[in-house]
Amino acid sequence: MLTQFGATADSLSKASTMMFRIGTDAHLYDDPDDVSIAPLLDSKFDSEKCEALKRLLALIAQGFDVSSYFPQVVKNVASQSLEVKKLVYLYLLHYAEKRPNETLLSINCFQKDLGDPNPLVRAWALRTMAGIRLHVIAPLVLVAVGKCARDPSIYVRKCAATALPKLHDLCLEEQTAAIEELVGMLLKDNSPGVVGAAAAAFASICPSNFSVIGRNYKKLCKTLPDVEEWGQIVLIGILLRYVIAKHGLVRESLMLTSDPLVKHNSEGEDLEPHVAMRKPLHETSFDICTEIADMVSRSYLEGPDKHLSQLGHVNRDSLRLDGSCVTSAKSNDDVKILLQCTSPLLWSYNSAVVLAAAGVHWIMAPKEDVLKIVKPLLFLLRSSSSSKYVVLCNIQVFAKAMPSLFCPYYEDFFINSLDSYQIKALKLEILSSIATYSSISSILLEFQDYIRDPDRRFAADTVAAIGLCAQRLPDVAHTCLEGLLFLALSDGDAASLGEEEIVLVQVIKSIKAIIEKDPPSHERVIVLLLRSLDSMRAPAARAMIIWMMGEYSYMGVLISKMIPTILKYLARRFTLEAVETKLQIINACIKVLLHIKGENMSELQIIVGYVLELANSDLNYDIRDRARFLKNFLSHCMRSHDVEEVKDQKEYKDLTHVLAEYIFGGQRKVQSEPFSYRFYLPGSLSQIVLHAAPGYEPLPEPCSLIDESHFPSHVEGTTIMEDRAIDSETNDIDDSDAMSGSLEEENTTDYSSQASVSGSSGGGGSYNGASDTDGDEEAGALINLSDGAPTSRNHIKDSEENSASGFTDFGELMSNRALESWLNENPGSSQNFYDVSHAQRSLARISIKDIAQLVKPKSYTLLDPANGKGLSVDYRFSSEVSSISPQFVCLQVSFRNYTTEPMSNIFLSEEEADQGPDSFGKSVSSSESFSVSHGEAATLVSMEEISSLAPGQTTNRILHIRFEHHLLPLKLVLWCDGRKQPVKLRPDIGYFIKPLPMDIEAFSKKESQLPGMFEYIRRCTFTDHISQPNDKKDEQHSQITDIFLMICEKLALKMLNNANLFLVSVDMPVAANLNDLSGLCLRLSGEILSNSIPCLITLTLKGTCSEPLEVSVKMNCEETVFGLNLLNRIVNFLAEPAP
Amino acid sequence: MLQCIFLLSDSGEVMLEKQLTGHRVDRSICAWFWDQILTQGDSLKLVPVIASPTHYLFQVVREGITFLACTQVEMPPLMAIEFLCRVADVLSDYLDGLNEDLIKDNFVIVYELLDEMIDNGFPLTTEPNILREMIAPPNLVSKVLSVVTGNTSNMSNTLPGATSSCVPWRKTDLKHTSNEVYVDLVEEMDATISRDGTLVKCEIYGEVQVNSHLSGLPDLTLSFANPSILNDVRFHPCVRLRPWEANQILSFVPPDGQFKLMSYRVKKLKNTPIYVKPQLTSDLGTCRISVLVGIRNDPGKAIDSITVQFRLPPCVVSSDLSSNHGAVNVLADKTCSWTIGRIPKDKAPSMSGTLVLETGVERLHVFPTFQVSFRIMGVALSGLKIDKLELLNLPSRPYKGFRALTRAGEFQVRS
């Protein structure tokens, strides 16, 4: 009965879950493709379309590629049902980049929707249109954004602000002016919601264009509390940067604690390199660690990498904080307002807002006001455990620099047993750095509890923290030592457990650190430890105790009395010890011998001799070496003793003895550990991961904005009243502009001045010197990969220099030249088709000589005679570097007249109808560091006109074109006999680079500098060689045609025919199996035309001669996107069969 | 800005992916992430920011679901974490909980929500009230309706009015037949009691939760009788900060429905309502354990749902535990929980038993920490008192209700 009931209950619950799932989309997720989707998409019912779209979404969610449905889906964009629309948009955004051409079909619909009376429809259309990221439609999107930025609906304006960064990503430099103008306009919006989104746009588009902020500063501060939480986070950062750039740091703040200039900033020339340890300014209640505070402020301003690299130099006044860069929080209005507006945000619900506001106070507020941030920060610890971790990471820095802030709140850092290990470790570190004499007793009590925690790793950390506390507060050192000693001596039985060992080792380590501070007063401790040596199992702990014995053997009466006994014990146990302990025993022996005086000498010498003998025949070579070395070292000392003891003391002091004294003499001064912390701005990602994340920027240089004089509000001496008046005036002007609604007008009136502003402020405010002013602007928006390591930056510069110096020489065919120079190495073997030059392991490096002559760039047809009324135009990319500018690509265009009549006035030009051909190029969306001085995307240097072309005649012309990395066809117009003929020129990414001659060492060095994110590999199959042997059979060759070589040559030629590269080396496998090609390796190098970033390509083959070869192509290039595109291109043409 | 959001099930399966910017993130990052979790153990699950070779990952784990966001550029990490928490909140609110099935069953809604909540990697609309108007939550009525009519639309046709109002958290022109507002003080007591029974730390984390069903655009003012005991506060965005700064008065226009108006902290409390006294003595490979629980300071209301939980130390092989009141359970992962419920009048509940230690371990050298939970209805242990609640701008007299509740937060007793 009961079982039956159970069964019913079971089925009931099943039924109820079934019931529960009815009406959800469960079945769609579970098997999305159980019906055919295509007919549903074409259905005329919205519900069926919906179902189909949901199935597609389910497939996307599960990681399938369903882009094949793209055309059918795009059709539905015109649907009136909002749900269908939304689903189509979701699908479209996922695949738009993959299917650019079909996506264009939807543009009309978006444009229609942009005029819809329903603001929701307008907003969605705008968001999707900007989100599909096609370069072609960028101008259309710009117009749409401009229109929506003036929309009556707040939501639409907000979406317009969000769309700006997408657009900026897409357009790169071309429309920056217009985009920045829109950002400025939206920042002035009356609705806080729009301002927040505009702030985010500002931060990612033009974070250093402070003039835009300057005009609205006060208004932005006032709206700050009403802005949405996410906008607040960004806006706080922007305002902080602005104030520092405009007014500099605050005199009373923590940032200038240690600066001598603060004291006498009236005489600003007094720029002596200051002493790091200086008494705090206000000795009253602020316990500030001046050294760390100083380092924090420098790291904030310069970025820690730069700062740390300068540490070695004495000259530390690189900041040049002269008197004018310092302001006061009390007298400066802007600073005051900022602090006022951000302080209520410390009560925000959003922990990110609280942390951002706390960061502002940390940097700008006078020291006595920084206390304000403490309670809110501590309150954040009660939020989710994820944010707890981030907040603790930041508090850790605050507490290190200014321990007094958190001292009274030490209880908040007491550990909860449910905390994760990382959080526990952070809390311990904070506790040990904020402990004071008043709080240490309760902290130590807590620590005692932690040591009993089941997590032994945590217990070990606690022991380490006790050691730190004892070092910071010498008065409690004794108490700590007693406690530690108790642990060390009592844990005897438990220590046998593997886990317990880490605690014990840490205990001894801490004891050692405490003793090191003041050895003579801790003799008793050492003796106690030595006595317990027998019960201690952990080799590391034993090694440390033995080290202490050797180090302090000279000190005190007790120790020296014990030493012979202990050494005997150790000598007896020597063979049983672990390696590290053995090494320490040997060391200790020597130290003891050096220090010992008087009666025990001979006995000790025997023991030491015995130990050294044992060590001499140890299994471990390290120990044998050490023993041998020390034996020699001490031979003199020991012998002299043996012979006669009355000898004069001076005799000992021969060279080896002095050396031994020097090495083992001990008495080393305990060096204060150099600080190697890295500090990043509070609340930044870099502070958590402890390296500068791409896009991280330190604070702007103080007062870098002061140079601008064309903003009336910046003129010095104007009172605030005037300031306001002018502010409102400028506002009025801008408003009227906005009313007129014409974008172009604004451009012309405003942009010229703005451009210069951004230029100057960029130059002045850039943190890394002048080298990356161009990188500055997008740093926030794009992945600035080149930002990562300073080494890579240098190396780009190097290559730039190379290209600059070598540029004039590269007039001729690059690969030709380079090959010749390379061939000079093996002049004797010029007749040979190849030469095995230097064998390296199992590889033979060969050279292919004639390859330069064989290189025949592929020819493309621009116009065939059928369409061109008898005129045929072909073009091929030439490997020459343009004489006009390195950014231009040279094309060799050949015109041929197939008709019977002569033709005249043949001429190629750009399509005029369009403003700029930019709308036809699909940009590589994240090419961040292309510094471009011109506005347009691709430019054609006007071609020399062909005045006449006789029948059958062929004429060649060189064309210089700048493509700007746009991979879409360039539309040109061909004029012939006065007729226009539109033609399309297809760019080849293989010619956006030029050969970069280098040798194999340089290649591998560069390669090693570009690991990880800069390295991509793709594979393809290479089949060209298969058909080849058959052809070659007919040809009679006196030489033995080596099939390896032939394949090498084929491969190299294919590469050089299709891309403008330099062949660095060819490595051949010297394999037993003659048919096995695996390991054949070709290295090629080139550099990107526009920015001279090197691209290194390595082809590695796998397979046998008679079968298709598997080629793996590896690309090392800092320009990730370009590299990937080039890689794709290479893979494409390699896989493409030979014609 | 965030580049991509993944939702992972507790077995590491990618349930959803939402690309946010043009810089596409490949799914393989999830495989990498899960590999790390598998190799480094669960401790990595608790690290919110991870630097992978190609991306920085932010993770928030809720009910077994991992919310994973990727970025390649500098951004405030707390912003990402807060956003992911917000997504988790909104989803569990929409789906009535959060688990693998719920997400898969409602993946379309999840997609639609994510699309509204974040645009180009920057949060767009995160206010739950607006979202609810834009995308209808799946409730039983709409489900049944969709089965019957075949119409599955859950998208609103119009833009919620709140997006354009100056109080974006509130629907415009709300009408309720019965105007009522309830204010709850929900407090959690965090306490740490050390080995020797002293109270190391005792504080209250409290929330003022308001459930309002009011018509029109009401303006509420809430004041406390003793605001000075508050150590620190955080507010819902609707609270005007100036009146608080000046007079410690909460003045606000409430969102509709349930929301957290404020959270606060009261520190340095002197005593706890109950005591838990664990005692462990070990010798010769066995350990006697006894735990006593009783009322220390009677709060005046009944204390219920008392449970004591602890994890047996790793060196314990087996255990034999019994109690004179309530039930004792030992789970496979050595978690031991003792459910007491309400303390009986006639006796003090106690649990006792023996633990057998690993061979070779004579005495216990690591000791468990006991997590205690309880609940007291009708009392705010911090002593915070609501003075009055004034309502302006209302057509009719509303009904006002006040309640209080205290439960244990991080209440732990070391042994």
If you count heavy-atom pairs under 4.5 Å with chain A, which of [options] comes out on top?
options: B:Met262, B:Glu188, B:Lys201, B:Arg86; result: B:Arg86
options: B:Pro313, B:Pro76, B:Ser263, B:Pro237; result: B:Ser263
options: B:Tyr264, B:Phe122, B:Tyr205; result: B:Tyr205
options: B:Leu124, B:Leu78, B:Thr192; result: B:Leu78
options: B:Asp190, B:Asp115, B:Asp196, B:Val239; result: B:Asp115
options: B:Met79, B:Arg195, B:Glu17; result: B:Arg195

message = With side chain to side chain donor-acceptor pair (under 3.5 Å) as the criterion, how do B:Ser194 and A:Gln448 come out once you've worked through the C-alpha distance, each side chain's angles and the decisive distance to 0.1 Å?
response = CA-CA 10 Å; B:Ser194 75; A:Gln448 279 175 29; over 6 Å; no
Need one label for [X]: side chain, backbone, both or neither, based on atoms under 4.5 Å from any heavy atom in chain B.
X: A:Ala58; answer: both
X: A:Ile451; answer: neither
X: A:Ser384; answer: side chain
X: A:Val234; answer: side chain
X: A:Pro192; answer: neither
X: A:Ile415; answer: backbone
X: A:Leu57; answer: both
X: A:Gln687; answer: neither
X: A:Ile423; answer: neither
X: A:Lys85; answer: neither

Option that, when pairs with chain B are counted at under 4.5 Å, heavy atom only, ranks first among [options]:
options: A:Asn416, A:Leu380, A:Val689, A:Leu355; answer: A:Asn416
options: A:Lys388, A:Glu411, A:Lys166, A:Glu48; answer: A:Lys166
options: A:Pro376, A:Gly231, A:Ala197, A:Gly131; answer: A:Pro376
options: A:Ile688, A:Leu87, A:Leu90; answer: A:Leu90
options: A:Pro344, A:Ser351, A:Ala200, A:Gly683; answer: A:Ser351
options: A:Val353, A:Leu418, A:Leu378; answer: A:Leu418

Please classify the contact between [X] and chain A as side chain, backbone, both or neither, with a heavy-atom cut-off of under 4.5 Å.
X: B:Thr198; result: neither
X: B:Tyr111; result: both
X: B:Thr369; result: side chain
X: B:Leu20; result: backbone
X: B:Leu241; result: both
X: B:Phe83; result: both
X: B:Ile103; result: neither
X: B:Arg27; result: side chain
X: B:Gln412; result: side chain
X: B:Lys260; result: both
X: B:Tyr56; result: side chain
X: B:Arg24; result: side chain
X: B:Glu127; result: neither

Does [X] use its side chain to pair, donor to acceptor, with the backbone of [Y] at less than 3.5 Å?
X: B:Gln59; Y: B:Val47; value: yes
X: B:Lys334; Y: B:Val316; value: yes
X: B:Thr126; Y: B:Met117; value: no

ask   = Do other residues, nucleotides or ligands put more than 12 heavy atoms under 6.0 Å from B:Arg242 CZ?
value =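 No - once you tally the heavy atoms of other residues, nucleotides and ligands closer than 6.0 Å, there are 12 at most.
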request  = Check the pair A:Arg382, B:Asp232 against salt bridge (Lys or Arg N to Asp or Glu O under 4.0 Å), reporting the backbone distance first and the verdict last.
outcome  = CA-CA 12 Å; A:Arg382 196 57 171 73; B:Asp232 198 19; over 6 Å; no
key: Derivation of the side chain to side chain donor-acceptor pair (under 3.5 Å) call for A:Asn350 and A:Ser348   = CA-CA 5 Å; A:Asn350 190 317; A:Ser348 167; 5.7 Å; no
Inter-residue atom distance A:Ser204.OG - B:Met75.CE, 0.5 Å rounding =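 Rounded to the nearest 0.5 Å, the OG-CE separation comes to 12.0 Å.
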task = Might you point out which heavy atoms bring A:Gly695 and B:Glu74 nearest each other, and give the distance in Å?
result =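 Here A:Gly695 and B:Glu74 meet closest at C-CB, 3.8 Å.
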task = Report yes or no: is the cationic atom of A:Arg127 (NZ for Lys, CZ for Arg) under 6.0 Å from the centre of the six-membered ring of A:Tyr89, at an angle within 45° of the ring normal?
result =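 No, cation not above the ring by the 6.0 Å, 45° rule.
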task = Report the C-alpha distance between B:Lys104 and B:Phe107 in whole Å, list the side-chain angles of each, state the deciding distance to 0.1 Å, and finish with yes or no for side-chain contact (heavy atoms from CB on, under 4.5 Å).
result = CA-CA 5 Å; B:Lys104 285 183 175 174; B:Phe107 73 99; 5.8 Å; no
key: Steps toward salt bridge (Lys or Arg N to Asp or Glu O under 4.0 Å) verdict (A:Asp453, B:Arg414)   = CA-CA 9 Å; A:Asp453 196 277; B:Arg414 301 191 185 127; over 6 Å; no
query = How far apart are the C-alpha atoms of B:Glu116 and B:Thr125, what are their side-chain angles, what is the distance that settles it, and do they pass the side chain to side chain donor-acceptor pair (under 3.5 Å) test?
reply = CA-CA 6 Å; B:Glu116 281 309 321; B:Thr125 310; 4.6 Å; no
